[in-house]
Structure formats: C-alpha cells, structure tokens
Amino acid sequence: MPELPEVETTLRGIATHVLNTPITRITIRNPRLRWPVPNELASRLIHQKITQITRRAKYLLLATKKGTLIIHLGMSGSLRIVTPDTPYDKHDHVEFCFANGNALRLKDPRRFGAVLWTSEPIDKHPLLDALGPEPLSDEFNSETLFRLSRNKTVAIKQFIMNSKVVVGIGNIYANEALFASGIHPGRAAGKISKKRYKRLCIECKRILEQAISQGGTTLKDFVGGTGKPGYFKQELLVYGRKGMPCGQCQKPLKEIRLGNRSTVYCTHCQK
DNA sequence: CAGCGCCCCTGCCCGC
DNA sequence: TGCGGGCAGGGGCGCT
C-alpha cells in the first residue's frame, strides 16, 4: 500500500501525538512481521521519549536518546493514533502507549512490514546505507538520472522503482509519472534523452507532492495517522485503469507486466 | 554484477 | 455458496 506519499502522510499524522511524551507500555501482539519484532524493544524504549520523527525512503525513523525505532509499512501496513481502550483489530500487531494518553498502533494484515531497533547511527544501518536520493530533494535531478542510466537496458519504469536510483517511487506513482511524462514504461533507461529525464523528474516531484497534499492514495484500506483515508485515488490517470479511455486521446489504456508488476500506459501518448 | 524470479502473508475478486 | 487461482501499494535475497 504505502508509497512515499502515504508514509509521509502517516508521519505528519502521528508526529504531534507521540513526540516528547514518555513511552509507558509496548505491546507486541504478534512479532512475526517481515523480520521478528525484537523482544528487547520494550526494555529499550520504556520511559524513553521520541524526540524526532523523520522519513527516509519508505522507512519511518522514530528517534530517542538511546537509538532509533525503524518502522516500515510494507504492502498493507498502517499506523494510527488511538486511545488505549480501542478494541484491537485482528491485525493490530504492535502498540506503543504514551504518557499523554495516546496509543500508536501498527496494523498490517500481510505482515510485510517491519519494526526494528538500532542504536547505531541511522544512516549506517544496512537497510538504509545504500539508498539513492530522496525524490523530492535536489539530489534527484535529470543530470544524475541521465548519467546513471547510460548503457542501461532495464525498462525505465523498473529503473525509477530501483531504490539505488531514487527511493520512494512505487508502482502507482511510477505508472503515473511515466504517463505524465509521455514516456513508454518499457523503454530502455539508457535510451532516454536528458531532456526527457528533465520532464520525468519534474513530473515525479509534482505527482508525489500533489499526492502528499491530498493525504496519499487509498486503494483499499490505507489510513493516515489520524485514521483518515487519502484522496489521491481520484487523481490517478492510469494506475488501475486498464481498458479505460486515456484522458488525453481516448484510446483504451493497455496493461503489461514489467518486473512482475502491473504496468498501465497509453500506447498512443507514451513513446 | 545485472537481471531475473521467488518469497514472505492475508484478503479479495473473479470464474466455474 | 464454495473453492481454486490470480492478484495486490514492497523489497530482500538467492540463483543464473
């Protein structure tokens, strides 16, 4: 579910509710996420305060004086603020209770998400240390993209979904950004001009920013930190629209598979 | 080392 | 109404 805009929406939704208030209780109802939720989480975190929440790629980083809690939402995860007396859902796996009366709950039906702890400097963590630039930063630009892509035969869609190239662009927004840029998703990354990369960068940033401003995309069950769905789904022009008319030329949108991910595009408008 | 499948898991939708 | 198959927003890992 969550791509960068959904993770960013989650961060903004939970931050004020959990910052600078002592953690009073941690409940691991089911530790079997992508990796086992570390048992020592409770002893490490109890009585600590979260001093800062940031995002790197699709990882949420909740910093304390002693180390950092790393949370990833996987495909189906969501984090929300509730009161501790809210009945548990079947898929509420981890809960953090705070002295200010709030509880932060991770719900993740598919359990592809992760809750990890590190006391090392966060950018050295093996999950984070090889990541490419943030798409909304100046380090993500057409010069870098152009240079990195030379001699690469990989499809452009897979290229921009590669976290070593740029982070945070998942299947929905890759489809959307390529449509907005008029680029065929299967085109070899190495055969795209600098000018077209410039357009692609602009569209990636625009779409991600617009999605964030609308609270992300809710396809099925995503909710932001305060429990509200995202409203960007209505803005999607190709994702999930196989067979429907292209908004620009009315030809039916085509679906193919690239890197085993559903890929929707317009055969007329994207070359 | 690039480029692939595979796999982790539950839920939902579709066709029979 | 039940059941099997396929697919879903991610991404690490192992194999060729």
Side-chain angles (χ1 to χ4, degrees), chain A residues 1-11 29-37 55-60 70-79 88-94 106-116 125-132 135 148-178 185-186 188-190 204 207-208 211-212 214-224 229-243 255-264:
Chain A
M1 141 191 336
E3 299 189 30
L4 186 148
E6 292 73 43
V7 178
E8 183 65 28
T9 296
T10 299
L11 186 161
R29 302 183 70 234
N30 183 354
R32 290 172 302 157
L33 301 187
R34 167 133 208 197
W35 296 283
V37 178
R55 178 190 57 71
R56 176 74 174 104
K58 295 169 190 165
Y59 294 94
L60 285 169
I70 303 172
I71 300 180
H72 196 285
L73 300 176
M75 286 278 262
S76 59
S78 57
L79 272 176
Y88 285 118
D89 177 89
K90 176 183 176 182
H91 300 296
D92 286 342
H93 303 313
V94 183
L106 174 70
K107 173 177 172 175
D108 186 3
R110 292 179 73 181
R111 292 192 276 117
F112 289 173
V115 177
L116 299 169
H125 192 279
L127 289 173
L128 305 183
D129 72 347
L131 293 176
L148 261 181
S149 64
R150 289 312 89 183
N151 301 319
K152 294 277 200 305
T153 56
V154 67
I156 182 62
K157 177 161 175 268
Q158 291 165 275
F159 186 67
I160 60 170
M161 289 178 72
N162 180 343
S163 64
K164 288 178 191 156
V165 175
V166 55
V167 300
I169 300 183
N171 200 34
I172 297 178
Y173 300 108
N175 278 297
E176 295 299 315
L178 289 165
C204 282
I207 289 167
L208 291 172
I212 291 168
Q214 300 195 32
T217 298
T218 294
L219 292 178
K220 217 178 68 186
D221 50 12
F222 171 77
V223 289
Y231 299 103
F232 195 69
K233 186 178 176 186
Q234 63 205 56
E235 313 292 332
L236 299 179
L237 299 179
V238 287
Y239 182 85
R241 300 179 64 84
K242 170 191 177 185
E255 181 176 55
I256 56 172
R257 293 194 79 77
L258 280 177
N260 220 17
R261 308 297 293 274
S262 141
T263 304
V264 185

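The figures here come from the full heavy-atom set of this structure, side chains too, leaving out hydrogens, waters and symmetry mates. Numbered from 1 within each chain, the chains take letters A, B, ... in sequence-line order. Since the model is a prediction, treat every value here as computed from it, not as a measurement.
Between A/V167 and A/R56, some side-chain heavy-atom pair lies under the 4.5 Å cut-off. Counting heavy atoms from C-beta on, the side chains of A/R34 and A/H72 never come closer than 4.5 Å. Residues A/L73 and A/L106 have side chains in contact (heavy-atom distance under 4.5 Å, counting atoms from C-beta outward). With a 4.5 Å cut-off on side-chain heavy atoms, A/M161 and A/L258 do not count as touching. Using a 4.5 Å cut-off on side-chain heavy atoms (C-beta onward), A/L116 and A/L127 make contact.
Nucleic acid contact class of A/Y173 (heavy atoms, under 4.0 Å, all strands): none. Across all strands, A/K164 comes closer than 4.0 Å to no nucleic acid atom at all (heavy-atom distances).
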_Letter per nucleotide, 5' to 3', of nucleotides 11-16 of chain C [B base touched, S only sugar-phosphate touched, - untouched; heavy atoms, 4.0 Å]_ = BB----
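Evaluation of atom-type donor-acceptor distances gives a pair under 3.5 Å for the side chain of A/R110 against the base of B/dC9.
Rounded to an integer number of Å, the gap from CG of A/L33 to P of B/dT10 is 12 Å. To the nearest angstrom, C1' of B/dC9 lies 16 Å from CG of A/L73. The CD1-P distance, from A/I172 to C/dA8, rounds to 11 Å in whole Å. When the P atom of C/dG10 is taken as reference, atom CG of A/L106 falls 16 Å away, rounded to whole Å. Distance, A/Y239 OH to C/dC7 C1': 10 Å, rounded to whole Å. A straight line from CG of A/L148 to P of B/dA2 spans 11 Å, rounded to a whole angstrom. The interatomic distance linking A/K233 (NZ) with C/dA8 (P) rounds to 14 Å, in whole Å. One can place NZ of A/K157 at 8 Å from P of C/dG9, the figure rounded to the nearest angstrom.
At least one side-chain nitrogen or oxygen of A/H91 sits closer than 4.0 Å to the OP1 or OP2 atom of B/dG11. Residue A/N171 places at least one side-chain N or O closer than 4.0 Å to OP1 or OP2 of C/dG9. Between A/S262 and C/dA8, a side-chain N or O to OP1/OP2 separation shorter than 4.0 Å is present. At B/dG11, one or more side-chain N or O atoms of A/K90 fall inside 4.0 Å of OP1 or OP2 (strictly under the cut-off).
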*Carefully, step by step, assess A/T263 and A/L178 under the rule side chain to side chain contact (heavy atoms under 4.5 Å, CB included).*
CA-CA 10 Å; A/T263 304; A/L178 289 165; over 6 Å; no
*asked:* Show, in sequence, the C-alpha distance, side-chain angles and deciding distance for A/T217 and A/E6, and conclude whether the side chain to side chain contact (heavy atoms under 4.5 Å, CB included) test is met.
replied: CA-CA 7 Å; A/T217 298; A/E6 292 73 43; 3.5 Å; yes
*asked:* side chain to side chain contact (heavy atoms under 4.5 Å, CB included), that's the test. Do A/L4 and A/R55 meet it? Break it down for me.
replied: CA-CA 9 Å; A/L4 186 148; A/R55 178 190 57 71; 3.2 Å; yes
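Judged by distance alone, with hydrogens and angles left aside, the side-chain atoms of A/N162 form no donor-acceptor pair with the main-chain N or O of A/Q158 at under 3.5 Å. Without hydrogens or angle criteria, A/E3 side chain to A/N171 main chain gives a donor-acceptor distance under 3.5 Å.
Judged by closest nucleotide on DNA chain B, A/V154 is the one of A/V154 and A/N260 placed further toward the 5' end. Comparing A/R111 and A/Q158 along DNA chain B, the residue whose closest nucleotide (by nearest heavy atom) sits nearer the 5' end is A/Q158.
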*asked:* For DNA chain B, please output the secondary structure as dot-bracket, reading 5' to 3'. Pairs are Watson-Crick or G-U wobble, both atom distances under 3.5 Å; mark crossing pairs with [ ], other-strand partners with |, unpaired with a dot.
replied: .|||||||.|||||||
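Going from the P atom of B/dG3 to that of C/dG9 covers 22 Å, rounded to whole Å. Rounded to the nearest Å, the gap between the P atom of B/dG5 and that of C/dC7 is 14 Å.
Of all nucleotides listed (B/dG3, B/dG11, B/dC9), B/dC9 comes nearest to the side chain of A/F112.
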